[in-house]
Visitor: 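Below is the structure I would like to discuss, written out as structure tokens.
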Amino acid sequence: MTLRDHIITRIRTEGPLRLDDYFGTCLLHPQWGYYTTRDPFGAAGDFTTAPEISQMFGELIGLSLAQKWLDDGAPARFTLAELGPGRGTLMADLLRACAQVPGFLEAAQVHLIEASPALQKVQANTLETHQVTWIAQMSDLPDQPLYLIANEFFDALPVRQFVRDGARWRERQIGLQGDQLAFGLGPAQPQPALAARLHDTKDGDLVEICGALAPILSEITARIGTQGGAALIVDYGDWRTLGDTLQAVRNHAPADPLADPGAADLTAHVDFEAMATAAAPCAHSRVTPQGVFLERLGITQRAQQLAQNLTGSALDNHIAAHRRLTHPQEMGNLFKVIAVYPPQTAPPPGLEP
Ligand code: SAH
């Protein structure tokens, strides 16, 4: 039995699946899910994320959060949380850099939210010299100031897709054509959640909704809004998405999302407008390109400092990593950063209100 067989059996008995059901099953099925069964990162894997490109990414994110913590009066006990920590590399780089900030590590209680048992093991290994706690759901976050980071987490949350049909919408589904998985459309129905999108779309346009986004943001804002703190969210996407952004990636190349369920990474662009709306009543920063954010935090100075100890191919790789993280034609513009923080306080350094 494979995940494909399992999905086909489900479609034969239950009918076509919603895209978010298919997407979530492919990524996190307990037995055959993409993340549940593997460590997908790096050259030998399927894709490379910013923390895996250079230690500078986690260091600068950490120092931005630590400065916000100082600006907030250095609360004596707080949650330092990461959503979807991957290999734990970002958190390790963050903790190493923030050891320079007096009192920060002593006050921090590190909490990780990770759905994949395979990646939890990798994180435990990477962070073995630190005390960290894994929590199963956001509601388990302690009720205290919260400083949170999420890099390429929200793009892994399943989306639904709707195609406009007059004033109604047809939901994109996964069904069968013969014995092959195939996309289809459900019947045209009103979608009250998409009322606002009737103003900026026309017949045939496709829009996406990420159902898990608002509940996660509300757990974050419930703590930040009352106890203080900040969330730094980095992901690819833009202010309001339009069109099909579902993407499958395997071996660093685009793949067919239906070809081999559970064998490719699936993502969808993050809708930063939906994020900003869900952040209320907390304030949110401007959505800022990753390259601009990292330059403001001094990545070039840090890169020059690290370069002093490097020669040959290590130096070449380091220069390429700096460029990859910041250049507008690489990750610099595609990836965006937004912060959520209490009203009447300033955003973390690198971002503007
Ligand atoms: N932040 C890491 C990894 C990004 S990949 C990095 O930048 O390298 C997405 C991560 O989120 C993986 O660790 C994946 O297992 C985790 N993940 C995906 N969906 C999740 C969910 N619903 N709940 C918790 N973790 C999830």
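Numbering of residues begins at 1 and proceeds along the displayed sequence. Counting starts at 1 for both ligands and their atoms, in listed order.
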Visitor: Can you label the angle between the Phe47 ring and the Phe41 ring as parallel, tilted or perpendicular, going by 30° and 60°?
Guide: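 Perpendicular, since the angle between the ring planes exceeds 60°.
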
Visitor: Measuring from the heavy atoms of Leu119, does anything fall under 4.0 Å of ligand 1?
Guide: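 True for this residue.
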
Visitor: List the closest protein heavy-atom neighbour of atom 11 (O) of ligand 1: residue, atom name, distance to the nearest 0.1 Å.
Guide: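 Checking every protein heavy atom, the shortest distance to atom 11 (O) of ligand 1 gives Gly84 CA, 3.2 Å.
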
Visitor: Taking all non-hydrogen atoms of both residues into account, name the closest pair between Tyr35 and Pro40 and its distance.
Guide: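 Reported closest heavy-atom pair: CE2-CG, 3.8 Å.
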
Visitor: Looking at atom 9 (C) of ligand 1, what's its closest protein heavy atom, distance included?
Guide: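 Looking only at protein heavy atoms, the one closest to atom 9 (C) of ligand 1 is Glu152 O, 3.4 Å.
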
Visitor: Give me the nearest non-hydrogen protein atom to atom 15 (O) of ligand 1 as residue plus atom name, then the distance to 0.1 Å.
Guide: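 It is Glu114 OE2, 2.6 Å.
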
Visitor: Write out the residue and atom name of the closest protein heavy atom to atom 7 (O) of ligand 1, then the distance separating them to 0.1 Å.
Guide: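 In this structure, atom 7 (O) of ligand 1 has Asn151 ND2, 2.7 Å as its nearest protein heavy atom.
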
Visitor: Are Asp200 and Arg240 ion-paired here, with the side-chain N under 4.0 Å from a carboxylate O?
Guide: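 Judged by the 4.0 Å cut-off on N to carboxylate O distance, Asp200 and Arg240 do form a salt bridge.
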
Visitor: Do me a favour and list the nearest non-hydrogen protein atom to atom 24 (C) of ligand 1 with residue, atom name and distance?
Guide: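 I find the closest protein heavy atom is Ala115 N, 3.3 Å.
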
Visitor: Look at Arg172 together with Asp244 and state whether they make a salt bridge at an N to O cut-off of under 4.0 Å.
Guide: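 Answer for the salt bridge query: yes.
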
Visitor: Can you tell me which residue and heavy atom of the protein come closest to atom 18 (C) of ligand 1, and the distance to 0.1 Å?
Guide: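 Protein heavy atom with the smallest distance to atom 18 (C) of ligand 1: Ala156 CB, 3.9 Å.
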
Visitor: Start with the C-alpha distance between Asp39 and Arg87, add both sets of side-chain angles, then the distance that settles salt bridge (charged side-chain N to carboxylate O under 4.0 Å, His left out), and finish with yes or no.
Guide: CA-CA 8 Å; Asp39 171 355; Arg87 280 185 176 161; 3.0 Å; yes

Visitor: Which ligand 1 atoms are under 4.0 Å away from a heavy-atom of Gly86?
Guide: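 By the 4.0 Å cutoff, the relevant atoms are 2 (C), 3 (C), 13 (O).
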
Visitor: Of all the atoms in ligand 1, which lie at a distance below 4.0 Å from a heavy atom belonging to Ser116?
Guide: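 Here the atoms of ligand 1 in question are 15 (O).
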
Visitor: Parallel, tilted or perpendicular for Phe78 and Phe104, by the 30°/60° rule?
Guide: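 Geometry flag for Phe104 against Phe78: tilted rings.
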
Visitor: In the protein, which heavy atom is nearest to atom 6 (C) of ligand 1, and how far is it?
Guide: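 Answer for atom 6 (C) of ligand 1: Thr49 OG1, 3.3 Å.
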
Visitor: Taking atom CD of Glu82 and atom CG of Leu127, what is their separation to the nearest 0.5 Å?
Guide: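 Here the rounded value is 8.5 Å.
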
Visitor: Can you list the ligand 1 atoms lying under 4.0 Å from a non-hydrogen atom of Phe41?
Guide: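 With Phe41 as reference, the close atoms of ligand 1 come out as 3 (C), 5 (S).
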
Visitor: Is there a heavy atom of Leu28 sitting under 4.0 angstrom from any atom of ligand 1?
Guide: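 It does; at least one heavy atom falls under 4.0 Å.
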
Visitor: Can you list the ligand 1 atoms lying under 4.0 Å from a non-hydrogen atom of Pro51?
Guide: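 Selected atoms, number and element: 6 (C), 7 (O), 8 (O).
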
Visitor: Which atom names give the shortest non-hydrogen contact between Thr345 and Pro342, and what distance separates them?
Guide: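 For Thr345 and Pro342, the tightest heavy-atom pair comes out as OG1-O, 2.8 Å.
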
Visitor: Identify the residue among Glu208, Gln161, His269 that makes a side chain to side chain donor-acceptor pair (under 3.5 Å) with Thr245.
Guide: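 For Thr245, the side chain to side chain donor-acceptor pair (under 3.5 Å) check succeeds only for Glu208.
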
Visitor: Is any side-chain N of the basic residue among Arg250 and Asp265 closer than 4.0 Å to the acidic one's carboxylate O?
Guide: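 Salt bridge flag = no for Asp265 with Arg250.
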
Visitor: Using a heavy-atom cut-off of under 4.0 Å, does the side chain or the backbone of Pro85 touch ligand 1, or both, or neither?
Guide: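 Answer for Pro85: backbone.
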
Visitor: In terms of atom number and element, which parts of ligand 1 are under 4.0 angstrom from non-hydrogen atoms of Phe153?
Guide: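 By the 4.0 Å cutoff, the relevant atoms are 11 (O), 20 (C), 21 (C), 23 (N), 24 (C), 25 (N), 26 (C).
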
